[in-house]
Novice: 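Below: one structure in C-alpha cells.
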Amino acid sequence: MTNKTINISEIEPKTTTHGSIYEWSRQKITDKLDGEKLGASIYELPPGKRAFVYHFHHANEELFFVLEGNGTVRTPEGNQEITEGDFFVAVTGKEGAHQIINNSDEPLRYLAVSTMIEPEVVEYEDSEKVFVMAGAAPGGDKDRRDLNLIFKQADATDYWDGEPE
C-alpha cells in the first residue's frame, strides 16, 4: 500500500434513513485511502435527525469533530451541546455511550474517526440489544464479516445450554 491523497469532493455520499428520526449522509474517507487501522467519515445530519441509536463500543474508541452547525450529543452524563469547532471522544465501555442529534434548523456536519478493532461488541442500552461482529470492524466491509449478530440481551443463554451431558 502506498500513501495517497483524495479530495472529499471525490467521495460520493451515501444516505441512510430509518423511520422518521434517523437520517444521515456519510462519506467514507478511509475506504478510498485503503486505511486498515483507522476509520474516518464525514457525516451530515439534516435538521431534526439523529445518527445511529444510543450505543457504546467495547473495543473501539471514536473521536468526533464538528465541522459545521450545532446539535447535541447524548452521553451517560446527559445531553451536551456541540457546535462548530468542538471535539469530543467516545471511549470504550458504558462511560463512552453516545448519540449525535441535530436539534437545530441547519445541517450538522462532523468528522468521525475510529479505531478499527475487531472483533467488536456494541451495546444498545435503550433497546437492550447487543451487536457482535468479527471479520470487519464497525464501519468496515460487511461482506468480510464472519460473524454479524444482533440480539436482545434477554435471549442470552447459559454456557452449557444445548451441550451434551
Novice: Using modelled atom types and a 3.5 Å cut-off, is there a donor and acceptor pairing between side-chain atoms of Asn102 and backbone atoms of Pro46?
Specialist: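 Checked: pair present.
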Novice: Quick one: OG1 on Thr115 to NZ on Lys37, what's the gap to the nearest 0.5 Å?
Specialist: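 Going from OG1 on Thr115 over to NZ on Lys37, the span is 11.5 Å.
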Novice: Are Tyr54 and Pro76 packed together at the side-chain level, in the sense that at least one heavy-atom pair is separated by less than 4.5 angstrom?
Specialist: yes
Novice: Can you confirm whether Val66 sits close enough to Thr83 that some side-chain heavy atom of one is under 4.5 Å from a side-chain heavy atom of the other?
Specialist: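 No, every pair of side-chain atoms sits at 4.5 Å or beyond.
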Novice: At what distance, to the nearest 0.5 angstrom, does CD of Glu23 lie from CZ of Arg50?
Specialist: 13.5 Å
Novice: Kindly write out the residues that satisfy ring-ring contact (aromatic ring centres under 6.0 Å, His included) with Phe56, not counting sequence neighbours, or none if the list is empty.
Specialist: His58
Novice: Quick check: does any side chain N or O of Lys28 sit under 3.5 Å from a backbone N or O of Gly139, one acting as donor and the other as acceptor?
Specialist: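 It does hold such a pair.
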Novice: Is the His55 ring parallel, tilted or perpendicular to the His57 ring (thresholds 30°, 60°)?
Specialist: perpendicular
Novice: If we ignore angles and hydrogens, is there a donor and acceptor under 3.5 Å between the side chains of Thr72 and Asn103?
Specialist: yes
Novice: Nearest 0.5 Å, please: how far is CZ in Arg26 from CD1 in Ile42?
Specialist: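 So the gap between those two atoms works out to 11.0 Å.
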Novice: For Glu106, does the CD atom sit with more than 12 other heavy atoms under 6.0 Å from it, leaving out its own atoms?
Specialist: no
Novice: Donor-acceptor pair, distance only, cut-off 3.5 Å: does the side chain of Lys152 make one with the backbone of Ser127?
Specialist: yes
Novice: Could you check whether the rings of Tyr110 and Tyr43 sit parallel, tilted or perpendicular, using 30° and 60° as the cut-offs?
Specialist: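 Parallel, since the angle between the ring planes stays under 30°.
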Novice: Looking at Ile11, is its backbone amide N or carbonyl O close enough to the side chain of Gln27 to form a donor-acceptor pair, meaning the two atoms are under 3.5 Å apart?
Specialist: yes
Novice: Please report the closest heavy-atom contact between Leu38 and Met116, naming both atoms and the distance.
Specialist: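 Answer, listing the atom of Leu38 first, then Met116: C-CG, 3.4 Å.
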Novice: State whether the side chain of Arg145 and the backbone N or O of Ala136 hold a donor-acceptor pair below 3.5 Å, judged by distance alone.
Specialist: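 Side chain of Arg145 to backbone of Ala136, a donor-acceptor pair under 3.5 Å: yes, one is there.
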Novice: Count I, L, V, M, F, W, Y as connected when their side-chain heavy atoms are under 4.5 Å apart, and connections chain through other members. Are Ile82 and Phe87 then in the same cluster?
Specialist: no
Novice: Step by step, work out the side-chain contact (heavy atoms from CB on, under 4.5 Å) result for Thr17 and Lys49.
Specialist: CA-CA 9 Å; Thr17 61; Lys49 302 298 181 178; over 6 Å; no
Novice: His98 vs Phe88, test: ring-ring contact (aromatic ring centres under 6.0 Å, His included). Steps then yes/no.
Specialist: CA-CA 10 Å; His98 61 284; Phe88 66 95; 7.3 Å; no
Novice: Give the ring-plane orientation class for Tyr124 versus Phe131, where under 30° counts as parallel, over 60° as perpendicular and anything between as tilted.
Specialist: parallel
Novice: Between Glu118 and Gly135, is there a donor-acceptor pair closer than 3.5 Å when you use the side chain of the first and the backbone of the second?
Specialist: yes
Novice: So, Ser41 side chain and Ala112 main chain: donor-acceptor pair closer than 3.5 Å or not?
Specialist: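 No: the side chain of Ser41 does not pair with the backbone of Ala112.
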Novice: Would you say that Thr16 contacts Tyr22 through its side chain, given a criterion of any heavy-atom pair below 4.5 Å between the two side chains?
Specialist: no
Novice: With hydrophobic residues grouped by side-chain heavy-atom distances under 4.5 Å, do Val89 and Phe65 end up in a single group?
Specialist: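 Per the 4.5 Å side-chain linkage, Val89 and Phe65 are co-clustered.
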Novice: Looking only at heavy atoms, what is the nearest atom pair of Thr30 and Gly39, with distance?
Specialist: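 So the two residues come closest at OG1-CA, 3.4 Å.
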Novice: Identify whether Phe52 and Ile21 are in the same connected component of the hydrophobic contact network (ILVMFWY, side-chain heavy atoms under 4.5 Å).
Specialist: yes
Novice: Identify the heavy atoms of Ala90 and Phe64 that sit nearest to each other, and give their distance.
Specialist: CB-CE1, 4.1 Å
Novice: Going from CG on Leu108 to CD1 on Ile101, what distance comes out if it is rounded to the nearest 0.5 angstrom?
Specialist: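 Between Leu108 CG and Ile101 CD1, I get 10.5 Å after rounding to 0.5 Å.
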Novice: Any ion pair linking Glu44 and Arg109 (charged N to carboxylate O, less than 4.0 Å)?
Specialist: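 Yes, Arg109 and Glu44 are salt-bridged.
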Novice: Measuring from atom CD of Glu123 to atom NZ of Lys129, what distance do you get when rounded to the nearest 0.5 angstrom?
Specialist: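 NZ of Lys129 is found 12.5 Å from CD of Glu123.
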Novice: With sequence neighbours left out, which residue pairs that include part of residues 69-90 fulfil the salt bridge (Lys or Arg N to Asp or Glu O under 4.0 Å) condition?
Specialist: Arg74-Asp126
Novice: Are Leu147 and Ile150 co-members of a hydrophobic cluster defined by side-chain heavy atoms under 4.5 Å apart?
Specialist: no
Novice: Evaluate whether atom NZ of Lys32 has more than 12 neighbouring non-hydrogen atoms of other residues, nucleotides or ligands under 6.0 angstrom away.
Specialist: no
Novice: Between the side chain of Glu120 and the main-chain N/O of Asn60, is any donor-acceptor distance below 3.5 Å?
Specialist: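 Yes, Glu120 side chain to Asn60 backbone: donor-acceptor pair under 3.5 Å.
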Novice: What heavy-atom pair brings Ser25 and Thr15 nearest, and what distance separates the two atoms?
Specialist: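 Shortest heavy-atom contact: OG-OG1, 2.9 Å.
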Novice: Are there over 12 heavy-atom neighbours, none belonging to Asn7, within less than 6.0 Å of that residue's CG?
Specialist: yes
Novice: Starting from Leu63, can I reach Ile8 by hopping between I/L/V/M/F/W/Y residues whose side chains sit under 4.5 Å apart?
Specialist: yes
